[in-house]
Amino acid sequence: MLYNFPMTDDGGLRIGELSRRAGISPALLRAWERRYGLVHPTRSAGGLRLYSPADVERVRLMRQHLAEGLAAAEAAALASRAAVGEAADPAALHPATARDELADALDRFDEPRAQAILDRVLAVATVDTLLTDVLLPYLHELGERWTRGETSVAQEHFASSVLRGRLLGLARGWGQGLGPVAVLACLPGEQHDLGLIAFGLALRAQGWRIVYLGPDTPIDTLEDASRRVEPSLVVLSAVTDERVRPVVEQLRGLAARYRLALGGGAAANGALAAGGVLELTGDPIAEATRVTALARDAAAGGEETE
Amino acid sequence: MLYNFPMTDDGGLRIGELSRRAGISPALLRAWERRYGLVHPTRSAGGLRLYSPADVERVRLMRQHLAEGLAAAEAAALASRAAVGEAADPAALHPATARDELADALDRFDEPRAQAILDRVLAVATVDTLLTDVLLPYLHELGERWTRGETSVAQEHFASSVLRGRLLGLARGWGQGLGPVAVLACLPGEQHDLGLIAFGLALRAQGWRIVYLGPDTPIDTLEDASRRVEPSLVVLSAVTDERVRPVVEQLRGLAARYRLALGGGAAANGALAAGGVLELTGDPIAEATRVTALARDAAAGGEETE
Amino acid sequence: MLYNFPMTDDGGLRIGELSRRAGISPALLRAWERRYGLVHPTRSAGGLRLYSPADVERVRLMRQHLAEGLAAAEAAALASRAAVGEAADPAALHPATARDELADALDRFDEPRAQAILDRVLAVATVDTLLTDVLLPYLHELGERWTRGETSVAQEHFASSVLRGRLLGLARGWGQGLGPVAVLACLPGEQHDLGLIAFGLALRAQGWRIVYLGPDTPIDTLEDASRRVEPSLVVLSAVTDERVRPVVEQLRGLAARYRLALGGGAAANGALAAGGVLELTGDPIAEATRVTALARDAAAGGEETE
DNA sequence: ATAGGTTTTGTCAAGCTTTTGTACAT
DNA sequence: ATGTACAAAAGCTTGACAAAACCTAT
């Protein structure tokens, strides 16, 4: 009863369903096929037409061109030429495909499918790739769609929860080992922690040990934790610089004792200029590499001076 | 607490008594024994069946599985198998011990050790046990220590993040299946979601499908999601009734269309009296069972009227 | 009669119950099975269909796709292809159960199911636990069965390649980062590398960077690689000491320049007594911890003496 | 657009078997 | 208490059917 509406979904539509979705009569669809070769449906064993997603897309284009006033023959020619990528090999999950499928699954509140997609990606890619090519672009896109009002807050909430669980699953054991320690926290008031977790995973892949304090962490808390674990790096995250301003002074104090880094949108705005605070403006994986190189140099330097 | 009636102390129940307690006819009890080997009563000198507590438990499970709709043969197989695990290795990690060790590890920001402890508990116990005997008591204790100022916010933050990751890992796939759907969300402003996740897991163990929206969910969002998935139950969570008051009106509206339940500290305070809102004041596992029974009755009732 | 309600897990539903839960008539369920092979129920002794949780999930997907407007044949194809992971079943995540299921899946050459089982374990446990409680015991058991002639070479090959792929998947990126470097290799003639890969993963979890040379590695190759990466540790593996004898002299030479460790069956036999070669006789995870502690001490010592 | 034939797909019936709770005789 | 018998409920298979959706051709 619920998912009763169209969807770019894959899988071989019959003419009736395509007709309903595109608002074109079956007869006309057949005519376009015969006259202009607009679509190339495969046939069922019994001869029924089965339309691919590429066909669907061409029909959409055709309609659009017609609406623009083109003659049918011209519209068809244009739509055909648009060379829509024929459905790719379903086994070989391209990151972009994975991202789209993930978006689709999460939009429909279909948690199991989302998990299955992530499983498939992880089967052939590293965590870094998953983050760089799938999750982070998806999160970015989600943010954009949200600001454009194209997505409901419900979807955004749901997607966050699923991804948070998955990322924290990947994070299991990230405190282990003998690398340098990084303390990660969102600034007070900041609730968006997915980017920070992603950055933590990237650091982990570089060998760091992670102590993760989560969203909305008071600076006191941060200091307390830092005193106990003596981190080589403290990473803070905030989406807007509003989060930064109220605590600038406290952060300067902290920066005096620990290497501090700031990520998220706030960093891009230069909210914490100077003060020796590292600004993480690039993508998490690249920044994790950079930070690691710095730490290595520092260690080497430190040893030399000893 | 229970044995207030005829009892040949630990010698074992006779068939008549077991029949009365379990609500199963003696003939049927014998049939189950003969056909499925469900129970293994010892015999009195004169040949009467004497049932052990383990037998009683198996009969209870059998009844439960039957009520769930399983075929007798299947129900018996499950009940027998489950009871085997009952006699678990007592040497292996007592829940109370696990809780203390866990508390210690988390206090020290020692994530790997905490994970290892949880691994060990899960190796010998069910998820229900983990929740009931380890995690929920620990969370409760953490809360208490926090109000007494005995624990730093940093520890609480850190512990929450570790446990959240772990619980969400257990939750993977909880949207799968054919059971009724429950939508779970924290009220606006509420950030504590661990209890709610635990409740979701308990519901899942009862066969529900879960759509989880996470902390700090606006009521609009909740309505939006509910419209899409048409849940049989909407579960809200809030620690204090401060979260409830601002949205009471909106919740009444929601309650008109969906079965609503409220958990967390707010429920205990009767923050949402009347309005047909279920108040979840007990422990998550017990409440999940109760809610499930109610849903079953409702479904049965609905059918009768058809 | 009344309990038409969903609820709880698996155990093999009969057609009536599945029909009630899914809202699909028994006749239709049989038709879907006959026409599209959508479900694969096992049969009771008497021939009644018993549906698995995976079947249940496929039926749900089928319904969903139908609601989206797909033709039945197409919907079924999609639902079947979806390679549903074993439905989240809290009972089945005990490591011992997982191991048995894994063994069963691999014995039947059922790769997707094996992967799903591994996914499920990883969802709730750490990699260390997966290795210690599932994979290594399974490999051990496989070895035993093989020596007893209870398993075919084909099965052993199949299982090895599936697990190798999976372990190497987990290993992805293990050369990255800033931990100490360990070079791993099987001795000349030795083909069994799964144990060594597992050990590599355990080391990685402790923060090491891994350079993996694979099975059947000539000592020259090993020396060459070592010269280039200057490892803090060189780990060799061999099942029997036959592999060790021919190269003892060369190894002594190597041991003079690098910290050497020997694992696998050969280690247990003391094949390389003395020479400062570490013998890894315990389980990989424990040994990885031990080796890491040694490395840490060495580093600390080295620093002090500088 | 209509006509006439085909395919797809949900449903039903008949006749027989299995499962399972209860009853009865020893 | 045991063992056998029995009957209602639930399932199985085969085969058929009809409405809806599609096809081609005019």
Side-chain angles (χ1 to χ4, degrees), chain A residues 12-21 24-31 33-35 39 41-51, chain B residues 14-16 18-19 22-39 41-51 59 62-63 65-67 69-77, chain C residues 1-4 12-20 22-39 41-51 59 62-63 65-67 69-77 79:
Chain A
L13 298 172
R14 292 205 315 214
I15 200 170
E17 183 60 22
L18 175 55
S19 160
R20 233 164 300 144
R21 290 190 185 186
I24 309 284
S25 81
L28 187 48
L29 285 172
R30 282 190 282 254
E33 177 185 343
R34 179 166 24 92
R35 298 205 270 253
V39 287
T42 59
R43 298 298 181 115
S44 78
L48 305 197
R49 273 167 254 255
L50 297 176
Y51 296 90
Chain B
R14 295 213 312 238
I15 200 171
L18 176 54
S19 163
I24 308 284
S25 81
L28 187 49
L29 286 171
R30 282 190 282 257
W32 284 352
E33 179 185 340
R34 177 167 25 93
R35 290 179 180 149
Y36 317 118
L38 179 71
V39 287
T42 58
R43 298 303 181 110
S44 75
L48 303 193
R49 270 167 252 257
L50 299 176
Y51 295 90
V59 169
M62 174 86 185
R63 245 178 57 109
H65 289 139
L66 281 179
L70 288 186
E74 298 302 309
Chain C
M1 30 182 162
L2 47 159
Y3 291 117
N4 70 325
L13 297 172
R14 293 206 314 217
I15 200 171
E17 184 61 21
L18 175 56
S19 161
R20 245 162 295 153
I24 307 283
S25 80
L28 186 49
L29 286 171
R30 282 189 283 253
W32 284 352
E33 178 186 340
R34 178 168 22 95
R35 292 177 180 149
Y36 317 118
L38 178 70
V39 287
T42 59
R43 298 297 182 114
S44 77
L48 303 197
R49 274 165 251 257
L50 298 176
Y51 294 91
V59 169
M62 175 87 185
R63 252 179 48 125
H65 290 138
L66 281 179
L70 289 185
E74 299 304 309

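This structure is a prediction, so every number in the text was calculated from the model and none was measured. Naming: A, B, ... by sequence-line order, numbering from 1 per chain.
- Computed from coordinates, the C:His65 NE2 to D:dT9 P distance equals 15 Å when rounded to whole Å.
- Taking CG of B:Leu50 as the reference point, atom CZ of B:Arg14 lies at 8.0 Å (rounded to 0.5 Å).
- Of the candidates D:dT22, D:dT18, D:dG10, D:dT18 carries the atom nearest the C:Leu48 side chain, counting heavy atoms from C-beta on.
- The heavy-atom pair separating B:Ala71 from B:Leu66 by the smallest distance is C-CD2, 4.3 Å.
- A salt bridge is absent between B:Arg30 and B:Glu33; no separation between the charged side-chain nitrogens and carboxylate oxygens falls under 4.0 Å.
- Note: CZ (B:Arg30) to P (D:dC24) measures 14 Å, nearest angstrom.
- Distance, A:Arg34 CZ to E:dC23 C1': 12 Å, rounded to whole Å.
- For B:Leu50 and E:dA1, the CG to C1' distance is 13 Å, given to the nearest whole Å.
- Comparing A:Gly47 and B:Trp32 along DNA chain D, the residue whose closest nucleotide (by nearest heavy atom) sits nearer the 5' end is A:Gly47.
- Residue-to-nucleotide proximity on DNA chain D shows that, of C:Gly46 and A:Arg14, the 5′-proximal contact is made by A:Arg14.
- Scanning atom types as modelled, one donor and one acceptor separated by under 3.5 angstrom connect the side chain of C:Arg35 and the base of D:dG10.
- A:Arg49 places its CZ atom 17 Å from the P atom of D:dT6, with the value rounded to the nearest Å.
- The side chain of C:Tyr36 places an N or O atom within less than 4.0 Å of a non-bridging phosphate oxygen (OP1 or OP2) of D:dT9.
- Across all their heavy atoms, C:Ala79 and C:Leu38 have their closest contact at CB-CD1, 3.8 Å.
- Taking atom CZ on C:Arg20 and atom C1' on E:dG11, their separation rounds to 12 Å, with Å as the unit.
- In this structure, the CD1 atom of C:Ile15 is 15 Å from the P atom of D:dT19, given to the nearest Å.
- In this entry the distance linking CD of B:Glu74 with P of E:dA10 reads 17 Å, nearest Å.
- Closest contact between the side chain of C:Leu66 and the listed nucleotides D:dG10, D:dT22, E:dG11 involves D:dG10.
- Among the protein residues, A:Ala27 comes within range of no part of the nucleic acid, since none of its heavy atoms lies under 4.0 Å from any strand.
- B:Arg63 places a side-chain N or O within 3.5 Å of a backbone atom of B:Ala22 that can act as its donor or acceptor partner.
- Under 4.0 angstrom from either OP1 or OP2 of D:dT19 there lies at least one side-chain N or O belonging to C:Ser44.
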